[in-house]
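Reviewing the structure listed below.
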2 protein chains.
Amino acid sequence: MKRAKKKVFADFMSQKGLKSTKQRDIILDCFLSSDRHLSIEELYLKLRSKHPNIGYATVYRTLKLFAEAGIAREMQFGDGQTRYEHVSEGEHHDHLVCTRCGHIEEFENETIEKLQDEVADSRGFLIERHRLEIYGLCANCRK
Amino acid sequence: MKRAKKKVFADFMSQKGLKSTKQRDIILDCFLSSDRHLSIEELYLKLRSKHPNIGYATVYRTLKLFAEAGIAREMQFGDGQTRYEHVSEGEHHDHLVCTRCGHIEEFENETIEKLQDEVADSRGFLIERHRLEIYGLCANCRK
DNA sequence: GCCATCATGAAAGTGACATTCATTGACATT
DNA sequence: AATGTCAATGAATGTCACTTTCATGATGGC
Ligand SMILES: [Mn+2]
Ligand SMILES: [Mn+2]
Ligand SMILES: [Zn+2]
Ligand SMILES: [Zn+2]
């Protein structure tokens, strides 16, 4: 699916008339082979060892492009940094966030989603998106 | 319940050895008689007409005190500003947020809460808190 | 290879919050 | 009422995570 996302991004770029560059290739590679839920700073630092010539602004702008292209999603977990997570077409999930170690776990619950639709319907809301985050201690940190 | 919250705050203050001031009284009054989900800036501007001598920093610090005292809660709706909402002892609710007009509606759904507990249990998470926000168009903005 | 465009990155700007510090105010004690 | 002590205030400044600028460099259609 790494290859699939590279194709999605390449298509997006050519369709937008944007150029392929060494930096973008490197950043995309690094992003796709990283943990999910990475901040700009984290990705920037991760790159810096092998590619000290890639600037923060380029990482920043490239992640925005990933989001525009639909292969990444911006997330706020309240730690003061924007995080980017991988997204796949048609996939959705919510999060469990450990307040001690920062570990983030994903889950899907079809029943919760249905109930959300009902709530929105009953108020006349047209849902665009939602966010459900459960904060607490992960199994590891409870020990 | 305005009086009840004033008492909760007064008790908190005296128990902490903090002082009662004109500013704090004014800010508390203004907060309690405001719409829910107010940002620091909004409250500050609202106060400024009648009390131009109250500084932003004091509003900022006083809202933090309200949160500590348990009569307010900090919220992030992704518009770049922290909002403070009224809270009552033992009460909980989630939010529907209109992406066009900014209108915020509250709801409670016991079944969703239970399902969240189940999800957390199945992963070994100990829940501290959660946030569920549904973004979309409110009934008014759909017309 | 030429060249109109786009991309890059160091540096500067932005905005919302957070802190500093000189001064003021609250209130317990004379 | 005056004093002493320590918390409170607010103008100014600092912080931090973006976000934008602009001079320079790279890309790719011809
Ligand atoms: Mn995720
Ligand atoms: Mn609310
Ligand atoms: Zn943990
Ligand atoms: Zn609306």
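Order of the sequence lines sets the chain letters (A, B, ...), proteins ahead of strands, with each chain counted from 1.
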Residues touching DNA chain C, which here means a heavy atom under 4.0 Å, drawn from residues 76-83 of chain B
B:G80, B:Q81, B:T82
I'd like to know if the side chain of B:H37 pairs up with that of B:E85 as donor and acceptor (distance under 3.5 Å, no hydrogens or angles considered).
yes
If we call it a pair only when both distances are under 3.5 Å in a Watson-Crick or G-U wobble match, what pairs with C:dT30?
D:dA1
Can you list, pair by pair, the side-chain donor-acceptor contacts under 3.5 Å of residues 136-143 of chain B, counting residues two or more places apart and other chains?
residue: B:N140; atom: OD1; partner: B:K143; partner atom: NZ; Å: 3.2
residue: B:R142; atom: NH1; partner: A:G124; partner atom: O; Å: 2.9

Residues in side-chain contact (heavy atoms from CB on, under 4.5 Å) contact with B:E108, at least two apart in sequence or another chain:
B:H93
Identify, residue by residue, the members of residues 30-40 of chain A with a heavy atom below 4.0 Å from DNA chain C, and return them in order of residue number, or none.
none
Counting N and O atoms only, with roles assigned by atom type, does the side chain of A:H86 sit under 3.5 Å from a partner on the main chain of A:F31, one being a donor and the other an acceptor?
yes
Partner set under side-chain contact (heavy atoms from CB on, under 4.5 Å) for B:S88, not counting sequence neighbours:
B:K5, B:E91
Students should find this one: the first and last nucleotides of DNA chain C, 5' to 3', lying under 4.0 Å from a heavy atom of chain B. What are they?
C:dA16 to C:dC27
Quick one: side-chain contact (heavy atoms from CB on, under 4.5 Å) partners of A:Q81, sequence neighbours excluded?
A:S39, A:E41, A:D79
Strictly under 3.5 Å: I want the nitrogen or oxygen pairs between protein and nucleotides 1-4 of chain D, one per line.
none

Results of side-chain contact (heavy atoms from CB on, under 4.5 Å) for B:Y44 - residues two or more places apart only
B:R48, B:Y56, B:V59
pair B:R36-B:E106: side-chain heavy atoms closer than 4.5 Å
yes
Backbone N or O of B:I54 within a donor-acceptor pair of the B:T58 side chain at under 3.5 Å?
no
Can you run down the salt bridge (Lys or Arg N to Asp or Glu O under 4.0 Å) pairs that involve residues 112-127 of chain B, sequence neighbours left out, and say none if there aren't any?
A:E105-B:R123
Answer yes or no: is there an ion pair linking B:K6 with B:D25, defined by an N-O contact shorter than 4.0 Å?
no
A:K16 atom NZ, neighbour heavy-atom count above 12 within 6.0 Å:
no
Members sharing A:I134's hydrophobic cluster, built from side-chain contacts under 4.5 Å between Ile, Leu, Val, Met, Phe, Trp and Tyr, are A:L96, A:F107, A:I112, A:L115, A:V119, A:F125, A:I127, A:L132, B:L96, B:F107, B:I112, B:L115, B:V119, B:F125, B:I127, B:L132, B:I134
With sugar-phosphate meaning primed atoms plus P, OP1 and OP2, does A:K64 contact a base, only sugar-phosphate, or nothing at under 4.0 Å between heavy atoms?
sugar-phosphate
Check for me whether the distance between the ring centres of B:H95 and B:F77 falls short of 6.0 Å.
yes
Treating primed atoms plus P, OP1 and OP2 as sugar-phosphate and everything else as base, which nucleotides of nucleotides 6-13 of chain D get B, S or - for protein heavy atoms under 4.0 Å?
BSSBBB--
Verify the distance criterion only: is there a donor paired with an acceptor across the side chains of B:E128 and A:T99 at less than 3.5 Å?
yes
